[in-house]
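Counting starts at 1 for both ligands and their atoms, in listed order.
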Amino acid sequence: MAKLTVRDLDVKGKEVLMRVDFNVPLKDGEITNDARIVAALPTIKFLLDGGARLVLCSHLGRPKNEPDPAFSLKPVAVRLSELLGKEVKFVPAAIGPEAEAARASMKDGDVVLLENVRFYPGEKRNDPEFAKALLGNATLFVNDAFGTAHRAHASTEGVTHFAEKSAMGFLIERELEYLEGKLENPEKPFVVIMGGAKVSDKIEVLSKLMEKADTFLIGGAMANTFLAAEGYDLGASKIEGDKLDLAREILANAKAKGVKFVLPADVRVTMKFEDGAETFCTAPFAEGGKVPEGGMAIDIGDKAIEEFSAIIKDAKTVLWNGPMGVFEMDCFAKGTKEIAEALADSSAISIVGGGDSVTAAKKFKVQDKLSFCSTGGGASLELLEGKVLPGVGALSDKCCCCKQK
Ligand SMILES: Nc1ncnc2c1ncn2[C@@H]1O[C@H](COP(=O)(O)OP(=O)(O)O)[C@@H](O)[C@H]1O
Ligand SMILES: O=C(OP(=O)(O)O)[C@H](O)COP(=O)(O)O
């Protein structure tokens with residue numbers, strides 16, 4: 001069922017509670033990446049231009065359900081104010097007399113940012129009393145916190161039970177358009193690039209995507225587990241030893257479905273896991289290549305890069321989730337960098353599923369050449385697994401005239 005969006009709301013003169021994901025990285029009180037604030041701006045501006053009295057709420061980090069200055073949203077209010085070019089009043093509480101007073105004194109077009117909702121035990125518990133207090137006198141709720149939409153918390157799900165209408169913002173709308181819409185009937189060939197640390201984190205998403213994908217390209221540490229399951233010698237590489245049977249099952253499943261499941265032909269190896277370490281590529285496994293004793297596969301090899309890039313070139317839709325190697329260190333980053341560049345050069349619809357892959361796309365400066373980069377790691381994975389995100393499922397349905405919610 002289609003959900004309400006901000007376009008369906010009449011917000012003039014009304015108090016609107018909006019959940020954003022302002023969970024930004026901070027270093028010594030400074031925001032080191034404001035992408036999540038920037039991503040929420042279109043909805044914030046739309047509501048302010050429409051004459052709403054806008055009350056923003058978010059979490060930041062994982063405080064222990066009590067106030068902790070290290071996780072205060074105050075620096076975010078300052079940055080948001082700069083980006084909007086207007087005052088954003090910061091309220092050092094999310095509920096209670098101070099928050100109520102600040103909200104009561106708002107005029108149309110004003111915006112306030114409440115303090116971190118995770119300073120209260122009711123947030124993660126999804127306590128109805130906390131949700132009611134957070135909604136306050138607002139009758140309308142807007143959720144644009146895609147990165148947190150997989151959490152059924154008071155500020156993402158609980159408040160919808162008390163608001164007259166609950167709608168999604170433009171960010172969530174766009175995330176759904178790409179991670180659901182474009183992948184519903186993907187233009188073929190549809191290629192899925194999977195990497196990252198663990199097979200076990202991605203089993204569900206692998207199985208789900210197996211229904212649609214033509215080809216999987218597997219890299220990162222998860223490729224090591226598949227290669228080990230095929231009987232190759234991986235030396236001291238990172239492997240999930242207890243997932244070998246599962247890996248064999250996935251390989252058999254792909255074969256039965258006629259899906260190409262491409263493992264790296266070769267891997268890049270280091271004898272020392274440290275920055276600036278020397279590396280070399282193994283011979284192709286099919287030609288007897290192996291990781292020597294004590295060696296670690298930390299990236300896909302040059303032959304694998306060549307093969308993966310050729311497949312990406314012919315694709316019409318590509319979904320990328322998980323780096324090809326330990327891209328955080330330049331000496332182990334070649335595979336991830338070249339695959340990111342191959343994706344940027346391709347004419348395919350290119351969708352990056354959040355988390356480390358987006359960090360990699362930024363690091364290798366290809367983000368602008370990709371069709372879409374998700375702002376949520378966990379949320380994008382759950383969506384790709386086919387789950388309904390609680391923060392989306394709880395929004396008002398488009399057809400019900402919204403009186404019930
Ligand atoms: N061959 C490898 N050996 C060890 N770690 C790896 C390897 N390849 C990738 N990684 C690590 O996997 C991590 C990312 O894994 P993951 O969290 O599953 O990705 P994502 O966040 O994109 O879903 C990165 O920190 C990267 O260094
Ligand atoms: O950064 C987030 O998730 P992500 O790292 O999975 O993208 C979200 O803000 C959710 O945070 P949480 O995982 O503490 O609930």
Side-chain angles (χ1 to χ4, degrees), residues 19-26 33 35-37 39-40 58-65 71 73 76 116-118 123-124 144-153 155-156 175 193-203 205-206 218-228 234-240 263-264 267-270 273 275 279 291 295-301 304 319-336 339-340 352-363 373-385 389-391:
R19 177 50 155 107
V20 282
D21 189 330
F22 284 168
N23 183 21
V24 292
L26 288 171
N33 181 349
R36 279 184 165 168
I37 308 176
S58 176
H59 76 288
L60 192 156
R62 293 178 174 175
K64 296 192 173 82
N65 304 317
F71 295 101
L73 280 163
V76 175
N116 195 336
V117 286
R118 289 194 184 168
E123 166 62 1
K124 287 203 274 176
D144 216 14
F146 178 74
T148 328
H150 58 316
R151 310 281 183 218
H153 292 172
S155 67
T156 59
E175 296 271 1
I193 311 169
M194 285 249 139
K198 291 182 183 167
V199 181
S200 49
D201 286 348
K202 312 251 166 114
I203 301 161
V205 79
L206 272 172
I218 307 293
M222 68 184 286
N224 297 344
T225 302
F226 282 106
L227 289 164
L234 271 292
S237 306
K238 186 171 169 156
I239 282 168
E240 282 181 281
L263 302 179
V267 292
R268 184 165 288 278
V269 174
T270 187
F273 192 79
D275 213 357
T279 64
V291 178
M296 285 159 273
I298 36 70
D299 194 4
I300 56 173
L319 173 69
W320 179 28
N321 186 292
M324 297 290 99
V326 186
F327 74 100
E328 296 91 339
M329 291 190 224
D330 289 346
C331 54
F332 307 146
K334 186 177 179 191
T336 306
I339 293 308
V352 185
D356 281 315
S357 325
V358 173
T359 309
K362 276 186 201 143
K363 176 170 172 160
C373 286
S374 176
T375 57
S380 65
L381 265 188
E382 290 202 17
L383 201 55
L384 293 170
E385 284 165 10
L389 305 181

From the list Val267, Thr270, Asp299, Val269, side-chain contact (heavy atoms from CB on, under 4.5 Å) with Thr279 holds only for Thr270
Step-by-step side-chain hydrogen bond (donor to acceptor under 3.5 Å, both in side chains) determination, Ser155 to Arg19:
CA-CA 7 Å; Ser155 67; Arg19 177 50 155 107; 2.7 Å; yes
Ile298 and Phe332 have their tightest heavy-atom pair at CD1-CD2, 3.4 Å
So, taking the atom named CG in Asn23 and the one named CZ in Arg118, what distance separates them when rounded to the nearest 0.5 Å?
7.0 Å
For atom NZ of Lys198, is the number of surrounding heavy atoms from other residues, nucleotides or ligands below 6.0 Å larger than 12?
no
Checking side-chain contact (heavy atoms from CB on, under 4.5 Å) between Ile239 and each of Val199, Leu227, Leu234, which is the one that passes?
Leu234
Quick check for you: to the nearest 0.5 Å, what is the distance between Lys202 atom NZ and Met222 atom CE?
6.5 Å
N-O pairing of Asp356 and Lys363 below 4.0 Å
no
Name the residues in contact with ligand 2, where contact means a heavy atom under 4.0 Å away: which are they?
Asp21, Asn23, Arg36, His59, Arg62, Arg118, Gly147, Thr148, Arg151, Gly376, Gly377, Gly378
Shortest non-hydrogen contact from Pro323 toward Ser357
N-OG, 4.3 Å
Within the 4.0 Å heavy-atom sphere of ligand 1, strictly under, residues:
Gly196, Ala197, Lys202, Gly220, Ala221, Asn224, Lys238, Ala297, Ile298, Asn321, Gly322, Pro323, Gly325, Val326, Glu328, Gly355, Asp356, Ser357
